[in-house]
A.B. asks: 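This is the structure I have questions about; it appears just below.
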Amino acid sequence: MRLTHDLRRLHEIKGVDLKIAAKREMLPEYADWVKGLLDVDAGVGTGVSAEVLPTVMVWLIDVGAFDGALELVPFVLRHNVQMPARYNRDAATIVVEEIAEAALKAHNAGAHFDLGVLLRVAELTDAIDMHDQARAKLRKATGAQQLFIAEDMEANAESRAMLEAALASLKAAQALNDRIGVKDKIKRAEKMLAAQDAAAAATTKQPNHEDGSAA
């Protein structure tokens, strides 16, 4: 009954920000119901009540509570929970696309996104069959965040590892969808790696004057 009421209320709200604010207000009312389902670990049942947990998972993503949403994903996947028809996608695809798009939106605004969340999404969904375009978005978001992090680091072994991870993620996105829009980022990662290699080579070639010999 609560879900039916809340969905009707959301349908009447036009603004996206207002919808998100309403979902943030509604979510605590479902916490005990969701906890009960997780504790029993026997699926979500049937009928309208079966829509509660998958809807809560999506709402948590919508309000930016990504860790909370990811806590529900193993249950949803393990029990093959069907998404309500209004979402038009399976659970794994929704999680991958919605979180990847949230990350890309943050990047477009010049902000970081939690890399751990993106890696966790990949860990949970990599074995699941889905369209390449959806998975390419996640690879792009992951590579972009890894590159973002590497650019803020000093040039050392740690930053090189991050750059190599970024390049691998971006190239994977490119392989999945040639039009995903990562070519500039791939070039930037390759340029940064080349610069690190050049700097390391120059350091290696410098003469060692510790023995007091003349230059």
Side-chain angles (χ1 to χ4, degrees), residues 1-107 109 111 113-142 145:
M1 289 179 63
R2 176 172 291 280
L3 180 63
T4 300
H5 172 271
D6 286 346
L7 289 173
R8 186 179 299 117
R9 178 184 167 194
L10 288 169
H11 183 70
E12 294 171 351
I13 299 173
K14 296 180 178 63
V16 173
D17 288 345
L18 291 176
K19 283 182 184 287
I20 291 173
K23 290 173 182 177
R24 187 172 286 111
E25 176 187 323
M26 296 168 181
L27 278 166
E29 300 298 331
Y30 295 92
D32 288 342
W33 176 281
V34 169
K35 184 179 183 303
L37 288 174
L38 296 180
D39 288 345
V40 174
D41 198 23
V44 293
T46 60
V48 177
S49 63
E51 298 186 7
V52 173
L53 187 139
T55 298
V56 166
M57 181 184 74
V58 175
W59 286 3
L60 286 167
I61 295 173
D62 290 342
V63 304
F66 304 111
D67 289 331
L70 293 180
E71 288 178 5
L72 305 183
V73 173
F75 177 99
V76 169
L77 298 180
R78 184 168 61 253
H79 293 288
N80 193 28
V81 175
Q82 300 301 301
M83 297 302 300
R86 61 184 174 276
Y87 290 114
N88 298 314
R89 291 167 292 172
D90 62 84
T93 301
I94 287 175
V95 171
V96 165
E97 286 196 313
E98 295 300 320
I99 293 183
E101 288 173 3
L104 294 171
K105 183 178 179 180
H107 296 156
F113 190 87
D114 189 340
L115 178 59
V117 167
L118 296 170
L119 296 176
R120 178 63 174 152
V121 172
E123 178 186 351
L124 290 169
T125 62
D126 270 357
I128 297 174
D129 182 34
M130 69 177 64
H131 292 297
D132 288 347
Q133 292 87 341
R135 201 174 299 283
K137 286 182 185 178
L138 180 61
R139 296 289 183 264
K140 176 182 179 179
T142 303
Q145 180 57 41

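As the structure is a prediction and not an experimental result, all values here were calculated from the model. Keep in mind that the numbers below use all heavy atoms, side chains included, and drop hydrogens, waters and symmetry copies.
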A.B. asks: Start with the C-alpha gap between Thr55 and Arg86, add the side-chain angles, then the distance that decides, and say whether side-chain hydrogen bond (donor to acceptor under 3.5 Å, both in side chains) holds.
C.D. replies: CA-CA 10 Å; Thr55 298; Arg86 61 184 174 276; 2.7 Å; yes
A.B. asks: Any side-chain heavy atom of Tyr30 sitting closer than 4.5 Å to one from Leu60?
C.D. replies: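 They are not in contact (no side-chain heavy atoms under 4.5 Å apart), so the answer is no.
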A.B. asks: Is Asp126 salt-bridged to Arg139, going by a charged N under 4.0 Å from an acidic O?
C.D. replies: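 Arg139 and Asp126: salt-bridged.
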A.B. asks: Considering only heavy atoms from C-beta outward, does the side chain of Leu70 approach that of Val73 to under 4.5 Å?
C.D. replies: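 In contact.
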A.B. asks: So how far is it from Gln133 CD to Glu97 CD, rounded to the nearest 0.5 Å?
C.D. replies: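 One finds 9.0 Å between CD of Gln133 and CD of Glu97.
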A.B. asks: Before accepting this row, confirm whether a basic side-chain N of the pair Lys35/Glu71 lies closer than 4.0 Å to the acidic partner's carboxylate O.
C.D. replies: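 No salt bridge links Lys35 with Glu71.
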A.B. asks: Would you check if Ile99 and Leu118 make a side-chain contact, meaning some heavy-atom pair closer than 4.5 Å?
C.D. replies: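 Touching, per the 4.5 Å side-chain cut-off.
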A.B. asks: Of all heavy-atom pairs between Thr46 and Ser49, which one has the smallest distance, and what is that distance?
C.D. replies: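 Here Thr46 and Ser49 meet closest at O-OG, 3.1 Å.
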A.B. asks: Quick check: closest heavy atoms across Val81 and Pro54, and the distance to 0.1 Å?
C.D. replies: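 What the structure gives for the nearest pair is CG1-CG, 3.9 Å.
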A.B. asks: Answer yes or no: is there a side-chain heavy-atom contact under 4.5 Å between His79 and Val44?
C.D. replies: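 No, every pair of side-chain atoms sits at 4.5 Å or beyond.
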A.B. asks: Search all heavy atoms of Lys137 against all heavy atoms of Leu104 and return the closest pair with its distance.
C.D. replies: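 Minimum heavy-atom contact is O-CD1, 4.3 Å.
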A.B. asks: If every non-hydrogen atom of Ala141 is compared with every non-hydrogen atom of Ala103, which pair is closest and at what distance?
C.D. replies: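 Heavy atoms of Ala141 and Ala103 come nearest at CB-CB, 3.9 Å.
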A.B. asks: Under 3.5 Å, is there a donor-acceptor pair linking the side chains of Arg120 and Thr125?
C.D. replies: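 No donor-acceptor contact under 3.5 Å links the two side chains.
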A.B. asks: Answer yes or no: is there a side-chain heavy-atom contact under 4.5 Å between Leu18 and Lys14?
C.D. replies: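 With C-beta onward as the side chain, the pair stays apart.
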A.B. asks: So, for Gly43 and Leu37, which heavy atoms are closest and what is the spacing to 0.1 Å?
C.D. replies: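 Shortest heavy-atom separation between Gly43 and Leu37 comes out as O-CD2, 3.7 Å.
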A.B. asks: Does the side chain of Trp33 reach to within under 4.5 Å of the side chain of Val56, using non-hydrogen atoms?
C.D. replies: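 No, every pair of side-chain atoms sits at 4.5 Å or beyond.
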A.B. asks: Other residues, nucleotides and ligands only: do more than 12 of their heavy atoms fall within 6.0 Å of CG on Asp41?
C.D. replies: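 It does: Asp41 CG has more than 12 such atoms within range.
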A.B. asks: Working to the nearest 0.5 angstrom, can you tell me the gap between Leu53 CG and Leu38 CG?
C.D. replies: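 Going from CG on Leu53 over to CG on Leu38, the span is 6.0 Å.
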A.B. asks: Starting at CG of Asp129, measure out to CG of Asp90 and round the result to the nearest 0.5 Å.
C.D. replies: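 One gets 9.0 Å once the value is rounded to the nearest 0.5 Å.
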A.B. asks: Is a donor on one side and an acceptor on the other found under 3.5 Å between the side chain of Glu51 and the backbone of Pro84?
C.D. replies: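 Not at all, since once roles are kept as given, no pair shorter than 3.5 Å links the two residues.
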A.B. asks: Nearest 0.5 Å please: distance from the CG atom of Leu138 over to the CD atom of Glu98.
C.D. replies: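 Between Leu138 CG and Glu98 CD, I get 12.5 Å after rounding to 0.5 Å.
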A.B. asks: If you measure from CE on Met83 to CZ on Arg89, what distance do you get to the nearest 0.5 Å?
C.D. replies: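 Reported value, rounded in 0.5 Å steps: 8.5 Å.
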A.B. asks: Can you confirm whether more than 12 heavy atoms, excluding those of Asp39, are under 6.0 Å from its CG atom?
C.D. replies: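 Atom CG in Asp39 is crowded, with more than 12 foreign heavy atoms closer than 6.0 Å.
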A.B. asks: Are Glu12 and Lys19 close enough for a salt bridge, meaning some N to O gap below 4.0 Å?
C.D. replies: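 A salt bridge is absent here (no side-chain N lies under 4.0 Å from a carboxylate O).
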A.B. asks: State the CD1-NZ distance between Ile13 and Lys23, to the nearest 0.5 angstrom.
C.D. replies: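 It is 9.5 Å, given to the nearest 0.5 Å.
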A.B. asks: Do you know which two heavy atoms are closest between Thr93 and Ala134, and how far apart they sit?
C.D. replies: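 Smallest heavy-atom distance, with atoms named: CG2-CB, 4.1 Å.
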A.B. asks: Please examine the side chains of Trp59 and Asp6, heavy atoms only from C-beta on, and report whether any two atoms are closer than 4.5 Å.
C.D. replies: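 Side chain of Asp6 against side chain of Trp59, heavy atoms only: contact under 4.5 Å found.
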